[in-house]
> 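Let me begin by handing over the structure; questions about it come next.
Just follow the structure's listing: the first ligand is 1, and inside any ligand the first atom is 1. Here, residue 1 is the first one in the sequence, and each next residue gets the next number.
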Amino acid sequence: MIIDGFHHQLPDVDPEETQEWVDALDQIIDEGGQARARFLMAKLIERARSRNVGVAAAVSTPYINTIPPEEEAWFPGDEYLERRIRRFIRWNAAVMVVRANKKADAIGGHLSTFASSAALYEVGFNHFLRGKADGEPGDHVYVQGHAAPGIYARAFVEHRIDEADLDRFRREIDGGLSSYPHPRLMPGFWEYPTVSMGLGPINSIYQARFNKYLHNRRIDDTSESRVWCFAGDGEMDEPETLGSISLASREKLDNLIWVVNCNLQRLDGPVRGNGKIIQELEAMFRGAGWNVIKVIWGSNWDPLLAGDVDGVLVNRMNTCVDGEYQRYKAEDGAYVREHFFGPDPRLRKMVEHMTDDEIWALRRGGHDYRKLYAAYKYATELRGAPTVILAKTVKGWALGPDVEGRNATHQIKKLTNDQLLLLRDRLELQNEIPDDALIEGLEPPYYRPPQDSPEFQYLAQRRKALNGPLPSRVVNVRRPLGLPDHEPFAEFDAGSGTTEVSTTMAFTRLLRNLARDPGFGDRVVPIIPDEGRTFGMDALFKELEIYASQGQVYEPVDHHLLLSYKESQAGQILEEGITEAGAMASWIAAATCYAARGVPMVPFFAFYSMFGFQRVGDLIWLAGDARARGFLLGATAGRTTLLGEGLQHQDGHSHVLASTVPVCEAYDPAFAYEMSTIVEHGLHRMYGPEGKDVFYYLTLYNENYAMPAKPKGSDDGIIAGLYKWADVPTGTAKRAAILFSGSLQGAARRAQAELAEHYGIGAELWSATSYKRLREEALTAERWNRLHPEETARVPYVTRMLGELRGPVVAITDYMKMVPDQIARWVPTRLTPLGTDGYGRSDTREGLRRFFEIDWGHTVVAVLAGLAEAGSLEPSVVTDAIVRYEIDPNVADPRLR
Ligand SMILES: Cc1ncc(C[n+]2csc(CCOP(=O)(O)OP(=O)(O)O)c2C)c(N)n1
Ligand SMILES: [Mg+2]
């Protein structure tokens, strides 16, 4: 076999001995069968590993529990009380969803996800997950979004919330319980948004990594915090979920534990009907270097497995596919006897002594509390690698035959009275929920034990021992952040004189200034996904150093250079490699650290602007939900400023996408001082007393030009999104205005000069730093006016600024026309946007600006056309400009080319 060819290439020092071993194996296969041979091979590998013989680990093991029964940790809890508590929670979780859907305006929710994972959470809440009541950050717990009803039900039983709250599940407008984990809507409860599948898992990995970063950099002792992520087996298919698991093992994240609820189903049907999701995941996680703990079978399978001397049962377990396993749980004991055990007389014999009910009661590992406890305990003791617990469960467990294991189970939101009675009996809650409490047509009641009951006392005592309730989001700043004074920003106010620089270069300089600032600098977290050199940030590699948990164990190829590639355990830069999603997850961990750990960190994530919003837009959206604070920098911005490259690189629309994120403050600065003013303002707004839960997006360009000095009094305008940058040239009359953003300042300035020189027309220049901000302010004013018809109308900022103008307004941008169009309604005269609609392409900067019709010639034509349209000059003057600037009026629209 080619695959093993490397063994043939190695010299055999004792061929005779080798042959003896091969013969021995052959004999075992011939006489003992394949199962026996497999068993012996596994034993040998196990032995070899225990003797430190470095054989590669098998990526998959038989379809049985990883922890043998004799090695299960002793369960220290009160099993009876915990079962009772679990049942109360199960009941309330189901009832809250049923009640939410009994009303005419049924509002949704999920029954079957939590029904399958109740024990997974309860083991955690009663024994492992640490809260933060003592002022320490505790554990970071990512809850599977659709399991939210169970988490609320627990909070109810804990007396953290009441019946009225449960009855306002999914009624978020007036502060009801949010549908899923949303810190934006429940900032005192949820910490980590998870419901967009795959984002919880990737964020949990980078949270665990960020904790190690904080620890290694001696910013915060994170040794007592674990990161737990509860996820679904269907969710594992998201590329974000599995895409970064190798980072977790490479970084030896033994502070990270994933619990995957393997109920074998997703929304539409089986996750792997024709295969086995647990085996597939085991292979992937083991291959990636994780510890894998499979919890497949409950304790009542143990005697059967112990008696499986010829391996038929394990073989059956191994060969049966998930589609069949799912079916068994939707049928009954007789069916399982017939179809699982039945076909093989030896297997059938194995369960001969059992009734159908007993066969039916053979449990899956994820519903076996002791097995789960043993798995969690083991997971918390493992060192040197992350751990995943793969727990096999039944989707909709205990909800009765119409729901359990059914393909439609995910979408079932209602239960009939009979189904509720069945659930009640199954949970043995006849005393708590008597028959006459369940009446057809009336709402089924909740139940929680009184505060002096043994159940409540136990529950409270367990959470007390684990430092208070979870989830719980508190902003308790343990290590305050001292903001820098103006010093790091000051140099940009003066401009660059005659030196030509780009806003990207200026930003890198500012970042260095900030990182050097005593008292503040070490909280700066520069994040780059393998694009540092493109942005000139390689200059920071040596000074700030690149974070590497193991330090730098080699001498870098460029060690003799001043700016060498320096990695270090105390490194400050997170050089993420080519994963915008991973870098974004790092940014989120840093940007929420003020709340998650009470340690405000200030992340600056600089990326290729094209690969930001459109590549990882969902993570950016999530960041807003998570109340992230920090800076996103879209570098190599603009569809024409980034020359060369092509349509997959040139960004002309991230500002359109940014405009969709409510808490994103999006800016497109033209000059270094604008950039520094925005960063300084943002720092104070997010990290100062105001503590605003917003984040900033700035586009940075790679075009070099002399950076002007900051005009006096321009700060407010820069932040508000618009300010006058230059009056009309002397000797001209004011007749128009040109609004510019970003690198198109050059075209605007030249157009102004051309208009004056050739046509005697005076155009004011305005710098539009943020159309998003202008629009939002105007919408607010407009709304206020609509709702306060008899009060003095508010005038939007943009109207106040441009209201005096009589002539046309031309807005030029390296982004789509839609960006300036955002304010058109509030500009008193006609606004003509010139932008870069259409696919970008590789060419020269000058060529591209001509192509997209945003160069100075086109700007002049647009101003003249506006005046002509208003009747203030002859159309022939426009023609004159078209000829002067060699514009082909019949060329196809770039949007369509
Ligand atoms: C990115 C994304 N795509 C689709 C959905 C819709 N959705 C919600 S739950 C679900 C199925 C989840 O299956 P699984 O992860 O196995 O969880 P289970 O409920 O079975 O525990 C889907 C497709 C979503 N929430 N997020
Ligand atoms: Mg599932």
> Just need the protein heavy atom nearest to atom 22 (C) of ligand 1, so name the residue and atom and give the distance.
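Closest protein heavy atom to atom 22 (C) of ligand 1: Leu267 CD1, 3.8 Å.
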> Relative to the heavy atoms of Val195, which atoms of ligand 1 are at a distance of less than 4.0 Å?
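In order of numbering, the contacting atoms are 24 (C), 25 (N), 26 (N).
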> Is a salt bridge present between Arg272 and Glu280, judged by a nitrogen-to-oxygen distance below 4.0 Å?
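So Arg272 pairs with Glu280 through a salt bridge.
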> Counting only heavy atoms, tell me which of Met197, Arg266, His146 gets closest to atom 3 (N) of ligand 1.
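The option holding the nearest heavy atom is Met197.
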> Would a 4.5 Å heavy-atom cut-off, applied to side chains only, mark Lys392 and Trp297 as touching?
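Touching, per the 4.5 Å side-chain cut-off.
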> Go through ligand 1 atom by atom and flag the ones less than 4.0 Å from a non-hydrogen atom of Thr113.
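Counting from 1, the qualifying ligand atoms are 18 (P), 19 (O), 21 (O).
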> So, does His110 sit close enough to ligand 1 that a heavy atom of it is under 4.0 Å from the ligand?
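Judged by the 4.0 Å heavy-atom criterion, His110 does not count as contacting ligand 1.
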> For the metal site, I want the angle between atom O of Gln265 and atom OD1 of Asn263 with the Mg ion (ligand 2) at the apex, to 10°.
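Once rounded, the angle between the two atoms at the Mg ion (ligand 2) is 90°.
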> I'd like to know whether Trp228 forms a ring pair (Phe, Tyr, Trp, His ring centres under 6.0 Å) with Tyr376, so could you lay out the CA-CA distance, the side-chain angles of the two residues, the decisive distance to 0.1 Å, and finally the verdict.
CA-CA 11 Å; Trp228 296 81; Tyr376 283 41; 5.5 Å; yes
> For Thr61, is there any backbone N or O sitting under 3.5 Å from a side-chain donor or acceptor partner on Lys294?
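Confirmed, Lys294 side chain pairs with Thr61 backbone.
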> Would a search of protein heavy atoms around atom 24 (C) of ligand 1 find one under 4.0 Å away?
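It does; a protein heavy atom is within 4.0 Å.
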> Within the 4.0 Å heavy-atom shell around Gly234, which atoms of ligand 1 are there?
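Answer for ligand 1: 14 (P), 15 (O), 16 (O).
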> Numbering the atoms of ligand 1 from 1, which are under 4.0 Å from a heavy atom of Asn263?
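Reading through ligand 1 atom by atom, the close ones are 18 (P), 20 (O), 21 (O).
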> Hydrogens and angles aside, do Gln207 and Asn211 bring a side-chain donor and acceptor to less than 3.5 Å of each other?
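On atom types as modelled, these side chains qualify, holding a pair under 3.5 Å.
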> Would you mind telling me if ligand 1 is within reach of the side chain of Gln265, the backbone, both or neither, using heavy atoms under 4.0 Å?
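Under 4.0 Å from ligand 1, Gln265 contributes backbone atoms alone.
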> Would you confirm whether Ser116, through its side chain, and Gly396, through its main-chain N or O, come within 3.5 Å as a donor-acceptor pair?
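Pair absent, no side-chain N/O of Ser116 close to backbone of Gly396.
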> Taking 4.0 angstrom as the limit and counting only heavy atoms of Lys395, give me the atoms of ligand 1 inside it, by number and element.
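Those qualifying, in numeric order: 18 (P), 19 (O), 20 (O).
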> Can you figure out which of Met236, Gln411, Glu235, Gln144 has its heavy atom closest to atom 15 (O) of ligand 1?
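Considering heavy atoms of Met236, Gln411, Glu235, Gln144, the nearest to atom 15 (O) of ligand 1 sits in Glu235.
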> Hey, can you tell me if Phe285 and Trp258 have their rings parallel, tilted or perpendicular (30° and 60° cut-offs)?
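Perpendicular.
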> Tell me whether Arg363 forms a cation-pi arrangement with Trp397, defined as NZ or CZ under 6.0 Å from the six-membered ring centre and within 45 degrees of its axis.
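No - Arg363 does not lie over the ring of Trp397 by the 6.0 Å and 45° rule.
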> Kindly give the atom name of the N, O or S atom of Asp233 closest to the Mg ion (ligand 2).
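In Asp233, the N, O or S atom with the shortest distance to the Mg ion (ligand 2) is OD1.
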> Is there an N/O/S atom in Glu235 that lies less than 2.8 Å from the Mg ion (ligand 2)?
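Not a single backbone or side-chain N, O or S atom of Glu235 is under 2.8 Å from the Mg ion (ligand 2).
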> In terms of side-chain geometry, is the basic nitrogen of Arg266 or Asp233 positioned less than 4.0 Å from the acidic oxygen of its partner?
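No, Arg266 and Asp233 are not salt-bridged.
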> Do Phe605 and Phe695 pass the ring pair (Phe, Tyr, Trp, His ring centres under 6.0 Å) test, and can you show the C-alpha distance, the side-chain angles, and the key distance before you say yes or no?
CA-CA 11 Å; Phe605 171 24; Phe695 58 84; over 10 Å; no
> What do we get for Asn261 next to ligand 1 when only non-hydrogen atoms under 4.0 Å count, side chain, backbone, both or neither?
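Only the side chain of Asn261 comes within reach of ligand 1.
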